[in-house]
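To keep things clear, I will list the structure first and then write my remarks on it.
Just so it is clear: chains get the letters A, B, ... in the order the sequence lines come, proteins before strands, and each one is counted from 1. Hydrogens, waters and symmetry mates play no part in the numbers below; they use all other heavy atoms, side chains included.
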Protein chains: 2
Amino acid sequence: METRELRYFVAVAEELHFGRAAQRLGIAQPPLSRAISQLERRLGATLLRRDSRSVTLTEAGAVLLHEGRAALDAVEAAEHRTRRAALAVTGHPGVVLATKAGASSELLAKLLNAYATEPGSVDVDVMLCGPGEQERLLRTGRADVAILHHPFDNLSGFDTEELFTEGQVAILPAGHPLTTRGSLQLSEVTELPDLPLPRWPGDDGTYPDGPGPEARSHSQLLQLTSLGRTLLVVPDSARSQLNDDVVAVPIVDAPDVTTVIAWPPHSRSRAVADLVRAALRL
Amino acid sequence: METRELRYFVAVAEELHFGRAAQRLGIAQPPLSRAISQLERRLGATLLRRDSRSVTLTEAGAVLLHEGRAALDAVEAAEHRTRRAALAVTGHPGVVLATKAGASSELLAKLLNAYATEPGSVDVDVMLCGPGEQERLLRTGRADVAILHHPFDNLSGFDTEELFTEGQVAILPAGHPLTTRGSLQLSEVTELPDLPLPRWPGDDGTYPDGPGPEARSHSQLLQLTSLGRTLLVVPDSARSQLNDDVVAVPIVDAPDVTTVIAWPPHSRSRAVADLVRAALRL
DNA sequence: ACGGGCGATACCCTCACGGTATCGCCGCAC
DNA sequence: GTGCGGCGATACCGTGAGGGTATCGCCCGT
């Protein structure tokens with residue numbers, strides 16, 4: 001199976017529409033139709049059900065969508081890591097660390113300091129990512145190592161070491177009735193009619209329906225909260241970045257958040273290993 | 001990057017010889033040369049150093065060899081799992097379990113029995129493998145779940161659950177002087193001139209040089225041992241398959257062997273999850 | 001009944017990929 | 001030094017896979 005075929009199939013499986021998928025791929029629709037049916041013939045499997053008005057995935061198609069994405073990621077990772085290895089010999093032997101923008105910045109600073117003092121340490125390019133983006137960077141080889149947050153990020157397929165675990169707090173506008181409470185239950189904050197949870201854009205850039213305000217950055221969320229328009233549930237350490245407009249109240253039954261350092265399981269990089277060791281010594 | 005290019009590069013990187021690689025790929029040498037240099041141009045990286053008498057990997061080439069193998073495995077896995085998913089809907093919803101031939105058969109029997117009594121259990125195709133073969137089957141999607149042995153098998157990139165841990169014993173021919181001992185040290189058995197360790201064929205089917213006898217199956221090894229031609233170091237549980245011609249003596253400082261059940265981290269299979277749960281209840 | 005949306009089919013053209021022949025370089029034998 | 005042989009690169013050619021355009025067939029909505 002060629003990666004071109006996989007890319008074609010993934011596009012159709014995601015769009016569930018040959019015309020749009022072809023447009024996205026920058027080719028015409030007929031060759032796409034042909035490529036897919038040829039793939040189906042070679043696999044001996046029906047991947048898509050073409051009902052007269054809609055295209056749907058078969059069971060086999062769903063499997064190929066999942067496995068194909070992983071395979072495409074692996075191919076892309078091979079490409080990126082090779083490019084970076086080639087750059088490394090011509091003078092820039094850096095390592096790329098992906099971390100969520102605006103999260104646990106003092107942990108990151110300590111880690112970078114600890115690593116920098118190691119013998120043989122190397123430049124660390126820090127990539128600040130939007131939520132969940134680190135995972136993708138790591139899977140596609142654009143990053144060598146990442147700081148992830150269980151259970152928010154999907155750790156499957158990575159090697160990880162836990163760095164620390166913390167509870168979550170609700171961020172409320174100053175003056176809100178609940179700010180007088182010493183602690184809260186999750187059920188008390190998820191269904192507040194006056195403070196709906198904010199809506200985040202999905203992978204396709206559109207917002208889901210719902211009552212909450214739309215936001216696409218951490219600072220927007222904070223501002224919306226201090227304006228009394230929404231409420232946040234965040235890990236405890238995020239309190240360090242708050243100002244006086246908002247109040248944090250612990251949520252006793254929210255799932256704990258574990259900060260981990262993660263890297264691809266077959267990494268051979270000395271720098272990654274050193275970074276992980278430095279992180280564990282913190 | 002297309003999988004064809006990756007396959008070509010991996011072939012050359014493994015053979016370190018364009019002619020042989022081309023032969024292995026079933027194409028002529030010139031198109032192979034061209035494909036590789038084109039790949040190098042597109043990546044902007046020199047992958048191979050063509051000295052006048054030999055071909056060697058550059059740093060970037062070594063990275064691409066590693067990552068490329070993983071990527072090719074992932075593509076192959078996508079293909080196999082899709083094929084099997086398609087077969088599953090047409091009547092045969094089985095799950096493939098890979099295990100080492102001749103190892104811990106009573107564990108396997110208990111596992112299969114426990115799983116078979118579960119509601120919604122499904123046919124289990126057991127693949128008996130040569131040493132280390134399970135890992136490859138799992139990585140390339142020909143198996144859904146495997147029984148592996150740490151530290152012999154490389155578990156990186158799999159999700160695993162430990163089933164049990166045991167020490168290792170030396171298998172000696174009956175009557176050998178060391179059989180009178182209650183326990184041994186590793187150093188006492190690895191360098192015995194009268195009982196050299198056996199040689200095992202590599203991936204290419206050839207045997208490494210050395211004093212020990214050549215063998216390619218478990219039963220051959222046992223026979224060679226009872227004939228007094230070699231000595232084995234095996235996990236404790238392998239004793240159950242011995243006859244009276246040989247004697248097992250514990251090795252106190254050999255690394256413990258952990259039997260684990262392993263599956264690809266992104267597995268969505270109900271059957272795999274049930275099998276793992278059954279294994280953990282043993 | 002008809003128009004429009006959508007996937008499949010028919011048909012053509014181009015170029016990427018594979019093959020053969022040959023070159024250029026180098027190491028070795030004598 | 002000369003010649004030979006091994007090996008990767010280059011030159012050149014043919015074919016077929018893959019892309020494009022035009023159109024069909026089907027079905028749904030009005």
Side-chain angles (χ1 to χ4, degrees), chain A residues 1-62 64-65 68 71-72 75 79 86 204, chain B residues 1-58 60-62 64-65 68 71-72 75 79 86:
Chain A
M1 207 163 30
E2 290 303 313
T3 62
R4 186 182 47 83
E5 307 179 88
L6 268 183
R7 272 190 293 267
Y8 284 9
F9 174 73
V10 169
V12 177
E14 285 177 355
E15 300 283 348
L16 293 176
H17 188 292
F18 280 75
R20 277 196 301 274
Q23 205 170 353
R24 193 173 113 185
L25 293 164
I27 64 170
Q29 170 260 319
L32 180 57
S33 283
R34 244 190 334 179
I36 300 292
S37 51
Q38 181 174 320
L39 179 60
E40 288 180 312
R41 226 173 312 126
R42 275 223 312 276
L43 289 174
T46 307
L47 301 171
L48 298 164
R49 231 184 314 273
R50 288 86 152 169
D51 299 349
S52 45
R53 249 6 215 189
S54 68
V55 174
T56 53
L57 281 175
T58 63
E59 196 54 39
L64 185 58
L65 177 56
L72 288 176
V75 171
E79 198 165 336
D204 53 357
Chain B
M1 206 162 32
E2 290 302 313
T3 61
R4 184 182 49 83
E5 307 177 90
L6 268 183
R7 273 189 292 266
Y8 285 9
F9 173 73
V10 169
V12 177
E14 285 176 356
E15 300 284 346
L16 292 176
H17 188 291
F18 280 75
R20 278 196 301 274
Q23 203 169 355
R24 195 173 111 184
L25 293 165
I27 65 171
Q29 171 260 320
L32 180 57
S33 283
R34 244 190 334 176
I36 299 293
S37 50
Q38 181 175 321
L39 180 61
E40 287 180 312
R41 227 173 312 124
R42 274 224 312 276
L43 289 174
T46 307
L47 302 172
L48 298 164
R49 230 185 314 274
R50 288 84 152 171
D51 300 349
S52 45
R53 253 0 218 192
S54 69
V55 175
T56 53
L57 281 175
T58 63
L64 186 57
L65 177 56
L72 288 176
V75 172
E79 196 165 336

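Salt-bridge annotation for A:Glu14 and A:Arg20: absent, with no side-chain N of the basic residue lying under 4.0 Å from a carboxylate O of the acidic one.
Near DNA chain C, defined here as any heavy-atom distance below 4.0 Å, the residues from residues 21-48 of chain B are B:Gly26, B:Ile27, B:Ala28, B:Pro30, B:Pro31, B:Arg34, B:Gln38, listed numerically.
Going from atom CZ of A:Arg50 over to atom C1' of D:dC27 covers 17 Å, rounded to whole Å.
Note that the first and last nucleotides of DNA chain C, 5' to 3', having any atom under 4.0 angstrom from a heavy atom of chain A are C:dG4 to C:dT9.
The minimum heavy-atom distance between A:Ala35 and A:Tyr8, with the atom names listed, is CB-CD2, 3.7 Å.
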Which is it for B:Leu6 and B:Leu64 under the side chain to side chain contact (heavy atoms under 4.5 Å, CB included) test, yes or no, and what are the steps along the way? CA-CA 9 Å; B:Leu6 268 183; B:Leu64 186 57; 3.9 Å; yes
Could you walk me through whether B:Thr3 and A:Glu2 pass the side chain to side chain donor-acceptor pair (under 3.5 Å) test, one step at a time? CA-CA 5 Å; B:Thr3 61; A:Glu2 290 303 313; 2.9 Å; yes
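Using a 4.5 Å heavy-atom cutoff, the side chains of A:Glu5 and A:Arg42 are in contact. For the pair B:Glu79 and A:Leu43, the minimum side-chain heavy-atom distance is below 4.5 Å. Under the 4.5 Å side-chain criterion, counting only non-hydrogen atoms from C-beta, B:Glu40 is not in contact with B:Thr58. Taking the side chain as every heavy atom from C-beta outward, B:Arg53 and B:Asp51 never approach each other to under 4.5 Å.
Of the inter-residue distances, the one linking A:Arg4 atom CZ with A:Ile27 atom CD1 reads 8.0 Å to the nearest 0.5 angstrom. Atom-to-atom distance recorded for A:Leu16:CG and A:Leu48:CG is 7.5 Å, nearest 0.5 angstrom.
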Restricting to nitrogen or oxygen on both sides, can you table the protein-nucleotides 28-30 of chain D pairs closer than 3.5 Å?
| residue | atom | partner | partner atom | Å |
| --- | --- | --- | --- | --- |
| D:dC28 | OP1 | A:Ser52 | OG | 3.1 |

